[in-house]
Amino acid sequence: MTQSSLSTRDNPDVTVARDWVSTLAKYREPNQPRSWFELGATIVPFIALWALAWMSLSVSYWLAFAVSVLNAAFLLRLFAIQHDCGHGAFFTNRTVSDWVGRGLGVLTLTPYDVWRRTHSSHHNSSGNLDKRGMGDIHTLTVAEYRALTPKNRLLYRLYRHPITLFGFGPGYLFLFQNRLPLGLTHIPKFWVSAMVTNLAILAALGAVYYFGGLMPVLLIFLPSTLIAAAAGVWLFYVQHQFEETQWDPDQDWQLHEAALHGSSHYILPSVLQWFTANIGIHHVHHLYSRIPFYRLTEVLRDHDELANSNQMTIRESLANARLHLWDENHRRLLSFAEARALYG
């Protein structure tokens with residue numbers, strides 16, 4: 001993975017991280033027709049595939065299931081558009097962005113206002129060792145892990161296991177955890193966001209059950225939701241969990257340095273890049289979150305330094321799934337085995 005090519009610690013001639021902000025500002029304005037086109041090009045196929053899967057139930061349950069698996073890709077892209085709405089990047093009008101985001105939140109099972117608040121915390125503290133906990137993959141330092149009791153070490157290892165993170169975890173997160181505004185329960189606005197979204201989801205699923213029975217829920221709704229959720233969690237994981245990521249204590253943490261050096265540039269085939277709405281260009285997104293996803297490729301086209309930094313291939317991302325502990329001494333993410341070999 002290429003990261004050091006942009007490190008100001010090693011190369012004083014490269015652009016300082018915070019200086020990218022003024023450079024990237026010119027890409028922030030969304031193209032309104034393009035935004036509406038991207039939304040339509042995603043939600044229309046999503047609805048059409050839902051209808052096709054429903055009709056397929058009378059032919060073959062397996063066929064309906066297969067169509068719903070395909071539709072998970074469009075659901076994932078709808079979440080990515082909701083994500084841009086949350087950053088105010090998709091439409092020039094903030095009110096339009098918020099209401100489109102709230103509507104998409106019913107489809108993605110994500111209370112929009114709650115998610116927007118927790119995701120903002122993620123952007124404002126990513127890579128800060130003293131501000132972990134909201135909107136992050138839970139990550140311990142080697143020293144913190146070694147200080148745990150055997151029971152808590154086991155719990156952490158279970159949490160970080162791929163079966164938990166990408167198997168059980170996404171379903172729990174989107175089907176159950178998102179039903180409550182956890183971490184924000186003291187603020188009425190977020191209860192309203194969660195409960196109204198829950199009621200809308202319940203009404204939609206009630207209508208599906210009324211007109212189609214249990215099979216559309218089991219063979220269309222659940223597969224597309226769970227697969228999209230797993231893919232979304234995986235993408236979120238690889239965006240910050242890689243060997244040469246960046247974590248610092250609060251006194252040393254710098255927002256733009258963490259954004260640039262602590263976020264990956266995930267190299268994906270064109271079709272996957274489309275379905276993930278360029279979210280793999282994550283280092284640029286963290287540097288300037290107001291850039292619409294469809295303009296992130298413009299940034300890479302115009303700036304070779306950013307195009308060539310933090311690159312991660314799919315093969316490298318799979319290897320990174322075994323990394324679990326931040327080594328503050330060597331400034332890299334380690335596997336449990338590596339930490340044991342270094343520190344006993």
Side-chain angles (χ1 to χ4, degrees), residues 1-31 34 77 80 83-84 87 89 122-123 126-128 137 139 231 234-248 252-323 326-327 330-334:
M1 179 168 182
T2 303
Q3 178 178 359
S4 59
S5 60
L6 273 183
S7 176
T8 56
R9 298 171 180 176
D10 301 326
N11 185 353
D13 296 326
V14 301
T15 307
V16 176
R18 65 178 176 273
D19 292 342
W20 281 111
V21 175
S22 58
T23 301
L24 296 177
K26 69 178 183 179
Y27 300 93
R28 66 175 283 174
E29 289 302 318
N31 180 311
R34 176 70 181 274
R77 197 168 198 264
H83 166 266
D84 262 24
H87 284 292
H122 162 69
H123 270 259
S126 181
N128 190 321
I137 299 291
T139 305
W234 169 256
L235 288 169
F236 186 78
Y237 178 89
V238 299
Q239 287 159 6
H240 300 286
Q241 299 279 324
F242 51 92
E243 184 177 358
E244 297 177 334
T245 189
Q246 184 162 311
W247 289 86
D248 288 295
D252 299 323
W253 181 82
Q254 297 291 330
L255 175 65
H256 301 108
E257 285 284 331
L260 180 58
H261 302 302
S263 306
S264 65
H265 175 194
Y266 201 21
I267 306 298
L268 296 172
S270 296
V271 64
L272 293 182
Q273 193 166 326
W274 189 88
F275 278 114
T276 59
N278 296 327
I279 199 61
I281 309 174
H282 210 64
H283 59 320
V284 178
H285 169 66
H286 261 257
L287 274 173
Y288 209 103
S289 62
R290 289 291 301 276
I291 299 175
F293 74 79
Y294 51 78
R295 300 201 65 184
L296 291 172
T297 51
E298 294 180 39
V299 175
L300 299 189
R301 180 196 65 202
D302 296 343
H303 302 284
D304 288 340
E305 288 183 41
L306 292 174
N308 296 324
S309 70
N310 291 25
Q311 291 185 353
M312 177 193 297
T313 65
I314 292 176
R315 177 177 292 184
E316 288 170 334
S317 72
L318 295 174
N320 287 335
R322 66 182 179 83
L323 304 178
W326 176 248
D327 184 351
H330 297 90
R331 296 192 58 77
R332 63 190 182 98
L333 209 60
L334 303 177

Set of ring-ring contact (aromatic ring centres under 6.0 Å, His included) partners for H256, sequence neighbours left out: none

All ring-ring contact (aromatic ring centres under 6.0 Å, His included) counterparts of H330, not counting sequence neighbours: none

Q254, CD atom: more than 12 neighbouring heavy atoms under 6.0 Å: no

Which residues share a ring-ring contact (aromatic ring centres under 6.0 Å, His included) with F236, sequence neighbours left out: H122

For A259, all residues meeting side-chain contact (heavy atoms from CB on, under 4.5 Å), sequence neighbours excluded: H286, L287

Distance-only side-chain donor-acceptor flag, Q239 / H282, under 3.5 Å: yes

Listed partners of S289 passing side-chain contact (heavy atoms from CB on, under 4.5 Å), at least two apart: H87, H123, H285

Partner set under side chain to side chain donor-acceptor pair (under 3.5 Å) for Q241, not counting sequence neighbours: T139, R160

Counterpart residues, side chain to side chain donor-acceptor pair (under 3.5 Å), relative to R34 (two or more places apart): E38

Atom CZ of R18 with >12 non-hydrogen neighbours under 6.0 angstrom: no

Counterpart residues, side chain to side chain donor-acceptor pair (under 3.5 Å), relative to W247 (two or more places apart): none

Y27: side chain to side chain donor-acceptor pair (under 3.5 Å) partners, not counting sequence neighbours: D302, H303

Pairs where residues 268-296 contributes a residue and the test salt bridge (charged side-chain N to carboxylate O under 4.0 Å, His left out) is met, not counting sequence neighbours: R295-E298

Residues in ring-ring contact (aromatic ring centres under 6.0 Å, His included) contact with Y288, at least two apart in sequence or another chain: none

Set of side-chain contact (heavy atoms from CB on, under 4.5 Å) partners for L255, sequence neighbours left out: W253

Residue pair A307 / L300: nearest heavy atoms and the distance that separates them: CB-O, 3.5 Å

